[in-house]
Protein chains: 2
Amino acid sequence: MALRFAIIITLEDKLCSGYEIAQNFNRGLGYFWCASHQQIYLELKKMTDAGLVSYDVIKQVGKPAKKVYRTTTEGFNALDDWLLLPAKMTPVKDALLMKIYVGSRVNPTVLLTEVQRHQQHYRELLKTYQEIDGCFQPIKEKPTKYQYSYLTLRKGILQAEAWLVWSDEVCTFLNDQIKDSF
Amino acid sequence: MALRFAIIITLEDKLCSGYEIAQNFNRGLGYFWCASHQQIYLELKKMTDAGLVSYDVIKQVGKPAKKVYRTTTEGFNALDDWLLLPAKMTPVKDALLMKIYVGSRVNPTVLLTEVQRHQQHYRELLKTYQEIDGCFQPIKEKPTKYQYSYLTLRKGILQAEAWLVWSDEVCTFLNDQIKDSF
DNA sequence: GACAGCATGTAAGAGGTTACATGATTGG
DNA sequence: CCAATCATGTAACCTCTTACATGCTGTC
């Protein structure tokens with residue numbers, strides 16, 4: 001149910017094709033929702049049938065034609081109704097934490113490599129967020145709409161920073177474990 | 001696939017019934033995974049069929065009988081195989097962030113109430129974690145197994161703290177919006 | 001008598017992943 | 001020629017939620 005509203009929200013910033021929505025969710029601005037292209041195409045079809053969105057086929061040179069979607073009045077009404085409902089807490093599902101919890105069963109070098117792989121991901125994410133943050137500064141006194149989206153960026157930054165602080169603690173501990181095993 | 005290993009991991013600390021596993025996931029120690037009782041009973045059945053766990057029926061006085069599960073050797077082997085596989089990144093799915101992103105469409109008082117509801121949840125969670133943290137202190141020089149589980153507690157604490165710092169920024173902003181609307 | 005807690009489950013359906021499938025263009 | 005990017009989709013399968021179903025005990 002939330003996916004369709006994530007789509008309507010991304011469409012609010014810029015009219016997009018399914019392909020472009022998928023890109024937005026996976027790269028950069030996927031702070032609040034992500035989904036595969038298969039899921040997005042399916043959802044867009046359902047939303048079109050339900051009258052929440054409509055599309056225009058845009059022909060391109062050197063590229064295949066694309067369906068550019070726009071939200072209908074019904075779509076915006078559905079969004080506004082949904083916004084008043086209480087938001088569900090995100091359920092905790094963290095496979096890396098599970099592996100650390102039972103870390104004594106695993107070779108610490110293997111665990112360290114795994115943690116570092118995730119660390120690299122969060123470092124890149126934080127860097128992207130900080131770059132967007134730099135672009136935000138000049139428009140801080142601009143419309144409230146931008147200030148709301150800035151708050152979501154702040155969340156990404158604070159959570160990524162906290163994750164990196166935590167992972168440093170983990171790496172320090174794992175390095176000690178590796179040293180001790182000699 | 002990860003649910004079954006979350007079950008095996010909780011069973012490692014203490015032999016449990018499905019009901020008790022569900023309690024562990026929803027209250028207190030659900031730092032890494034959560035699941036409904038329906039899902040757990042179904043998974044336990046599949047795991048029993050696959051030979052990963054077995055159970056004894058324990059009769060109780062004043063309470064219905066329960067099935068207490070234990071992990072088999074095959075179960076532990078499956079766990080150890082899984083631990084060597086790369087852990088999947090947790091996909092971002094945050095309905096509250098979506099609502100804040102398009103906050104300018106919503107009455108700021110409604111949004112504030114919603115944020116405060118989530119805030120209360122994280123405050124209680126942090127309090128629980130801090131209580132557990134207090135119990136951990138005396139065993140800091142104890143077996144590495146405890147030190148690994150302490151790292152997962154640290155994650156809960158750091159992430160909850162970061163969440164609360166962020167939500168304070170959000171509440172400050174929303175209060176300003178409410179003031180400005182007069 | 002009603003409600004909460006203990007304890008187990010089934011079934012329908014929504015949500016999401018993985019694999020497969022097509023076809024055009026551009027760059028190495 | 002191969003791989004990548006753009007662009008769309010289907011099908012099978014797994015995961016998860018919601019609703020329903022049962023039955024016992026203890027408390028208000």
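Chain letters run A, B, ... following the sequence lines, proteins first, then strands; residues in each count from 1.
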Per-nucleotide protein contact string for nucleotides 14-21 of chain D, where B marks a base within reach and S marks sugar-phosphate only (heavy atoms under 4.0 Å, - for neither): -SSBBB--
K59(A) and K66(A), any side-chain heavy atoms less than 4.5 Å apart: no
Distance-only donor-acceptor check, side chains D94(B) and Y31(A), under 3.5 Å: no
Angle by which the axis turns from one end of the helix from dG1(C)-dC28(D) to dG28(C)-dC1(D) to the other, five pairs per end, to 10 degrees: 30°
Rounded interatomic separation in angstrom, taking OH from Y41(A) and P from dA11(D): 17 Å
Closest to side chain of Y19(B), choosing from dA7(D), dA7(C), dG9(D): dA7(C)
Spacing of I40(A) atom CD1 relative to dA7(D) atom P, expressed in whole Å: 14 Å
Donor-acceptor pair between D13(B) and Y101(A) side chains, under 3.5 angstrom: yes
Side-chain heavy atoms of D133(B) within contact of Y150(B), under 4.5 Å: yes
Side chains of L15(A) and Y69(A) in contact at under 4.5 Å (non-hydrogen atoms): no
Check nucleotides 1-3 of chain C against the protein and report each pair of N or O atoms closer than 3.5 Å, with its distance, or say if there are none.
none

Greater than 12 external heavy atoms within 6.0 Å of Y55(B)'s OH: no
Note, R105(A) side chain near F76(B) side chain (heavy atom, < 4.5 Å): yes
dT8(C) OP1/OP2 closer than 4.0 Å to side-chain N/O of K45(B): no
Separation of atom CG in L44(A) from atom P in dA7(D), rounded to whole Å: 14 Å
Shared hydrophobic cluster for L84(A) and V102(B) (ILVMFWY, side-chain gaps under 4.5 Å): yes
Q177(A) vs Y148(B) side-chain heavy atoms within contact, under 4.5 Å: yes
Whole angstrom value for the distance that separates C1' of dG23(D) from CD of Q60(B): 15 Å
Rounded distance (Å) that lies between atom P of dA7(C) and atom NZ of K67(B): 14 Å
Non-hydrogen side-chain atoms of W33(A) and V92(B) separated by less than 4.5 Å: no
K59(A) NZ - dT8(D) C1' separation (whole Å): 16 Å
What side-chain donor-acceptor pairs closer than 3.5 Å can you find for residues 107-119 of chain B, not counting sequence neighbours?
| residue | atom | partner | partner atom | Å |
| --- | --- | --- | --- | --- |
| N107(B) | OD1 | T109(B) | N | 2.9 |
| N107(B) | OD1 | T109(B) | OG1 | 3.3 |
| T113(B) | OG1 | T109(B) | O | 2.9 |
| E114(B) | OE1 | R117(B) | NE | 3.4 |
| E114(B) | OE2 | A87(A) | N | 2.6 |
| E114(B) | OE2 | R117(B) | NH2 | 3.0 |
| E114(B) | OE2 | H118(B) | NE2 | 3.1 |
| R117(B) | NH2 | A87(A) | O | 3.0 |
| H118(B) | NE2 | A87(A) | O | 3.2 |
| Q119(B) | NE2 | S167(B) | OG | 2.9 |
| Q119(B) | NE2 | D168(B) | OD1 | 3.4 |

Under 4.0 angstrom between Q23(A) side-chain N/O and dC6(D) OP1 or OP2: yes
Polar side chain donor-acceptor pair, E20(A) to S17(A), under 3.5 angstrom: yes
Could you go through nucleotides 25-28 of chain C and list every protein N or O atom that sits under 3.5 Å from one of its N or O atoms, giving the distance for each pair?
| residue | atom | partner | partner atom | Å |
| --- | --- | --- | --- | --- |
| dT25(C) | O3' | G62(A) | O | 3.3 |

Salt bridge (Lys or Arg N to Asp or Glu O under 4.0 Å) partners for D56(B), two or more places apart: R70(B)
side-chain contact (heavy atoms from CB on, under 4.5 Å), paired with C16(B), selected from T10(B), L44(B), I21(B): I21(B)
